[in-house]
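This report concerns only the one structure given below.
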Amino acid sequence: MQEETEPASSRPNDERYDPQRVETKWFTRWQADAQLYAADRDSTKKKYYVLEMLPYPSGALHMGHVRNYAIGDALARYMWMNDYNVLHPMGWDSFGLPAENAAIQNNTPPRQWTLSNIAKMKAQMKRLGFAYDWSREVTTCLPDYYRWNQWFFLKFYEKGLAYRKKSRVNWCPKCATVLANEQVLANGCCWRHEDTLVEQRELEQWFLRITKYSDELLCDLDKLDGWPEKVRTMQRNWIGRSEGTLIDFKLDYAENHGGFGPAGSTITVFTTRVDTIFGATSVQLAPQHPLIADLAASNPDLATKVDELIVEQRKAKEVGDIGEIEKHGVFTGRYAINPFNKEKVPIWVANYILMDYGTGAIMSVPAHDERDYEFAKKYKLEIRLVILPLADDPEETMAEPQLPYVGHDGMLINSGPYGGLACADAIKKMSAFAEQNGFGKATVTYRLKDWGISRQRYWGTPIPMLYCEKDGIVPVPEKDLPVILPEAVDIAHATGSPLGSVPEFVNATCPKCGGPARRETDTMDTFVDSSWYFYRYTDPHNDRAPFDSRIAQYWFPIDQYIGGVEHAILHLIYSRFWTKFMRDLGLITNGEPVERLFTQGMVIKDGAKMSKSLGNVVSPDEMVARYGADAARLYSLFAAPPDRDLDWQDSGIEGIRKFLGRIYRVVTEQNEASVVPSELPVDNRRGPAARTLQRKLHQTIKRISDDFNGRWHFNTSISALMELNNLLSGMSQDIAAGNIPPEDLTETKRVMVLLLAPFAPYLAHELWEMLGEKENLLKASWPKYDAALAKEEELEIPVQINGKLRSRVTVPAESTQEFVLDRALADEKVQAFIAGKQIVKKIYVPGKLVNIVVK
RNA sequence: GCCGGGAUGGCGGAACUGGCAGACGCAGCGGACUCAAAAUCCGCCGACCUUCGGGUCUUGGGGGUUCGACUCCCCCUCCCGGCACCA
């Protein structure tokens, strides 16, 4: 009596889902249509700019890329289907060191290596079906892009925001060139000469004055509520704003006869706790402090000790535990005068003082600073209590603290006229006093430093500057841009900047005097390229300006930016800086580039980040070949919520591949009713099965739409789609029996395909066509859900007794509290549990549960 | 040390505002189809106890609030990320 459903194996092969066949077919079609994903230049639709961070063209995509782009692509497709004018571009962050390394290793010119990598990766992206507007492709290593880096540099220079300064860099004596920080091994040696210690050298470098925007970069973080709090916190830490006071300690001439001469007569210290200054018992200098060179010149013993301190400090920094370093110091033999109490305090040099923070000098207050305390104990310096904390015990107002006491809830003692003041009050009054008397002032210090953009490398944007003997530093005139990066440069044997060995490049004419001039041979940090590339996408072929302001204004800010959290600081802070600068230039009006930021998690395998050395790398090409692009993409969305790390499992993608096969089968099955449905109108013909299907359909639309508009938990979107598919595939008998109206069946399949489209575009397009749809799926409208249809008619209400689940009752959805409670109490199992007991409380949470409390 | 994030079956994960813990998937087990296998389909699938009705326990650990806690509060452990003698 039971009809056996036809086994799948008897189905002709070509009816089964074959990802290679489907994907090749659509890949070919999409290739032929250059306009497919083009953003409109003029559109009455609302704009939506969705962007994924552009990759470095290393030669092959990895799974992290696939995940990143799968998220962005799903969003772009969803927005298209919601009738937005979508901008979804892609490009290449294609300057940088690996191209030079490859050039040295394989003897391939960096340009050739880079462009061939781009070709490979672009082919991969296309095969994966990502919907990019390739007519807007930006390649940062090409002159039509980097000339605008140079143009911006000239603007920075014009505004006084690009300047030259001596700065310390890593120098390998064997390579005879400068190394990036990443090229210095953990033990402080060169990556190519593992037994050679890297030195620090002073070099003239170009800087961009990002610190001009420190405050704005910090304050505007508060407005970025579409950014993860984590990233905002990281940027706040990075900027590191700190309010404090600068205080000048005069050198004691009586003691310092001669020493400390030309370098100055005062030491300026920065402190956040000027209220503790009466407890200062020494002044501590960073070992690199300029005053020391002066002293050390006449004191070789001191010079040696200071050098040791420098080495200790640098080693600790390289190992990354500067916080753990054993504190060492040396007394200079000299003294300074505390301007508040005119006391003479010894001047020391210590390895825990950093030259690049504050002024490189501190006043040491052992009683109220942990580091100073530790140092003072070690070298037997005086520890003088000047703050008494408020006592816990209200009987006594002040407590004898355990040293060091670093709290702010106290009162000053032993502090002359300031005795009795509260800390906060004292800080204000003492800062004001210092300012009135010309030996200090309240100030704000930042951890953020100006951005050193000079790189002694070949594969980067040439800095458009000239050095003329007569006119000094002269910018290249705008009309002479771009300064083209020459090819055929021997980078393997270069000493210093490779461009320095190219006479045709170096030798130029001074635009001012017409005499000979030398070109700048350093190139720009590649973070310059990525600081503004997303503006170029809006007007990528402009040869008169980096972009047209009006066009950029239409698209900006970026509605959604998606990328790895590893760029939370550098790239995202430089980009914000660049945007503020462009606004001040009048190019744009927005002060921030990115409205909403999403940072996706890493792709890991076997509990570790994928890496060649661990041998746990999963190749996207292999996944596409074995399971298809749709499966690879769908799995990267299904395996974990996008913001969390994703643990790659090969068996998992296999499961997704099976799901795609099931949805293919369910949608394409020609399941006609064997019983002819009656002629009644549809609404009256819908029995319980039809209603169940309809309800599930609308619930699924709601769930997936909510995920797009909210948390982006696409893993649950996809499970919702699986549930719907499971329900429909389990209804074959109802369908055969004519219990599902044919129009419902068609509608369900249609909607399922629409819901699948953002995640698995190849299969969705194929099924869409198979359903007889003529219009491009991208232009189809995202389905709307009907809350009334999604609503359950009957509810199964769990019944708890004293919080423990004991039974369930089924009630109509609109039941009153009274009705539900009566039903629950009448239930047999419930009766058994409450028999002989007293009902204390009856709780009904509408639509959710009943809890009966008994004694 | 400071600031984030996290810990749920054998595994990846779900549970949106305090209301049925374990959706969906993987792996596993049983069955159907097959000469057989693969593929596919159907069923079972947290642990322990069970008289097979069910019962007890269970969301890193300990306490608390509540009729009710994965969810809120306090304390603790471990893992991941960032910052770190920042004066």
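Just so we're clear, the structure is a prediction, and the values are computed from it rather than from any experiment. Below, chain A is the first sequence line, B the second, and so on; all start at residue 1.
Between the side chains of A:Tyr352 and A:Asp372, at least one donor N or O lies within less than 3.5 Å of an accepting N or O. A:Gln313 and A:Gln288 share a donor-acceptor pair across their side chains, judged by distance under 3.5 Å alone. Side-chain contact of A:Ser717 with A:Asp707: a donor-acceptor pair under 3.5 Å is present, judged by distance alone.
Atom CD in A:Gln235 sits roughly 20 Å away from atom P in B:rG81 (whole-Å rounding). Taking atom CD1 on A:Ile569 and atom P on B:rG81, their separation rounds to 14 Å, with Å as the unit. Rounding to whole angstrom units, CZ of residue A:Phe659 and C1' of B:rA27 are separated by 20 Å. As a whole-Å value, the separation of A:Trp238 CH2 from B:rA84 C1' is 12 Å. Between the CD1 atom of A:Ile362 and the P atom of B:rC86 there is a distance of 10 Å, given to the nearest Å. What separates CG of A:Asn237 from P of B:rG4 is a distance of 10 Å, to the nearest Å. Atom CE in A:Met363 sits roughly 15 Å away from atom P in B:rC86 (whole-Å rounding). Rounded to whole Å, the distance from CZ on A:Phe833 to P on B:rG53 is 16 Å.
When the P atom is used for both B:rG22 and B:rG9, the distance is 14 Å, rounded to whole Å. Nucleotides B:rC41 and B:rG55, compared at atom C1', are 36 Å apart to the nearest Å. B:rC85 and B:rA15 have their C1' atoms separated by 46 Å, with the value rounded to a whole Å. Between B:rC70 and B:rU17, the two P atoms lie 16 Å apart (nearest whole Å). Comparing the C1' positions of B:rG6 and B:rU56 gives a spacing of 31 Å, expressed to the nearest Å. Distance check on atom C1': B:rC20 versus B:rC52 gives 23 Å, rounded to whole Å. Between the C1' atoms of B:rA21 and B:rU71, the separation comes to 11 Å (whole Å). With both ends at atom P, the span from B:rG12 to B:rU58 equals 22 Å, rounded to whole Å.
Residue order along RNA chain B, read from the 5' end via each residue's closest nucleotide, puts A:Glu723 first among A:Glu723 and A:Gly358.
No engagement by A:Phe714 is indicated, since no non-hydrogen atom pair under 4.0 Å with the nucleic acid exists. Nucleic acid contact for A:Arg232: none, since no nucleic acid atom lies under 4.0 Å from a heavy atom of the residue. Within 4.0 Å of A:Gly655, counting heavy atoms only, lie sugar-phosphate atoms of the nucleic acid but no base atom. The residue A:Lys658 sits close only to the backbone: its heavy atoms come under 4.0 Å of sugar-phosphate atoms, none of a base.
Proximity of A:Arg806 to the phosphate of B:rU56: a side-chain N or O atom is located under 4.0 Å from OP1 or OP2. The phosphate of B:rG25 (OP1 or OP2) has a side-chain N or O of A:Asn726 nearer than 4.0 angstrom. For B:rC57, one of the phosphate oxygens OP1 or OP2 lies less than 4.0 angstrom from a side-chain nitrogen or oxygen of A:Lys804.
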Exercise for review: Determine, step by step, whether A:Glu374 and A:Arg371 satisfy the salt bridge (charged side-chain N to carboxylate O under 4.0 Å, His left out) criterion, reporting the C-alpha distance in whole Å, the side-chain angles of both residues, the deciding distance to 0.1 Å, and the verdict.
Suggested key: CA-CA 5 Å; A:Glu374 188 188 330; A:Arg371 298 150 300 179; over 6 Å; no
**Study point:** A:Arg67/A:Asp645 under salt bridge (charged side-chain N to carboxylate O under 4.0 Å, His left out): CA gap, chis, key distance, verdict
**Key:** CA-CA 11 Å; A:Arg67 190 183 194 197; A:Asp645 286 352; 5.4 Å; no
Exercise for review: Tell me, with the steps shown, if A:Trp451 and A:Phe527 meet ring-ring contact (aromatic ring centres under 6.0 Å, His included).
Suggested key: CA-CA 10 Å; A:Trp451 177 12; A:Phe527 277 109; 7.3 Å; no
Practice item. Assess whether ring-ring contact (aromatic ring centres under 6.0 Å, His included) is satisfied between A:Phe439 and A:Phe340, documenting all intermediate values. Key: CA-CA 10 Å; A:Phe439 60 79; A:Phe340 273 86; 5.5 Å; yes
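For NZ of A:Lys449, the number of neighbouring non-hydrogen atoms (other residues, nucleotides, ligands) closer than 6.0 Å is greater than 12. Taking a 6.0 Å sphere around CD of A:Glu370, one finds it holds 12 or fewer heavy atoms contributed by other residues, nucleotides or ligands.
Checked options A:Asn338, A:Ile347, A:Thr266; the residue passing with A:Phe249 is A:Asn338 (criterion: side chain to side chain contact (heavy atoms under 4.5 Å, CB included)). Only one option out of A:Glu312, A:Gln284, A:Glu326, A:Lys327 pairs with A:Asn351 in a side chain to side chain donor-acceptor pair (under 3.5 Å); it is A:Glu312.
A glycosidic torsion no more than 90° from 0 defines the syn conformation; B:rG22 lies beyond that range and is anti. Base orientation of B:rG63: anti, the glycosidic angle falling outside 90° of 0.
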Practice item. Assign a letter to each nucleotide of nucleotides 10-20 of chain B from its 5' end: B, base within under 4.0 Å of a protein heavy atom; S, sugar-phosphate only; -, no contact. Key: -SBSSS---BB
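Of all nucleotides listed (B:rA87, B:rG82, B:rG81), B:rG82 comes nearest to the side chain of A:Met234. Picking from B:rC67, B:rC86, B:rA27 the nucleotide with the shortest atom distance to the side chain of A:Ser651 gives B:rA27.
Remark: A:Glu382 pairs with A:Arg384 by the salt bridge (charged side-chain N to carboxylate O under 4.0 Å, His left out) rule, at least two apart or across chains.
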Review point. Could you write out RNA chain B as a dot-bracket string, with dots for unpaired bases, | for bases paired across to another strand, and Watson-Crick or G-U pairs counted at under 3.5 Å?
Key: (((((((..(((......[....))).(((((.......))))).((((....))))..(((((..]....))))))))))))....
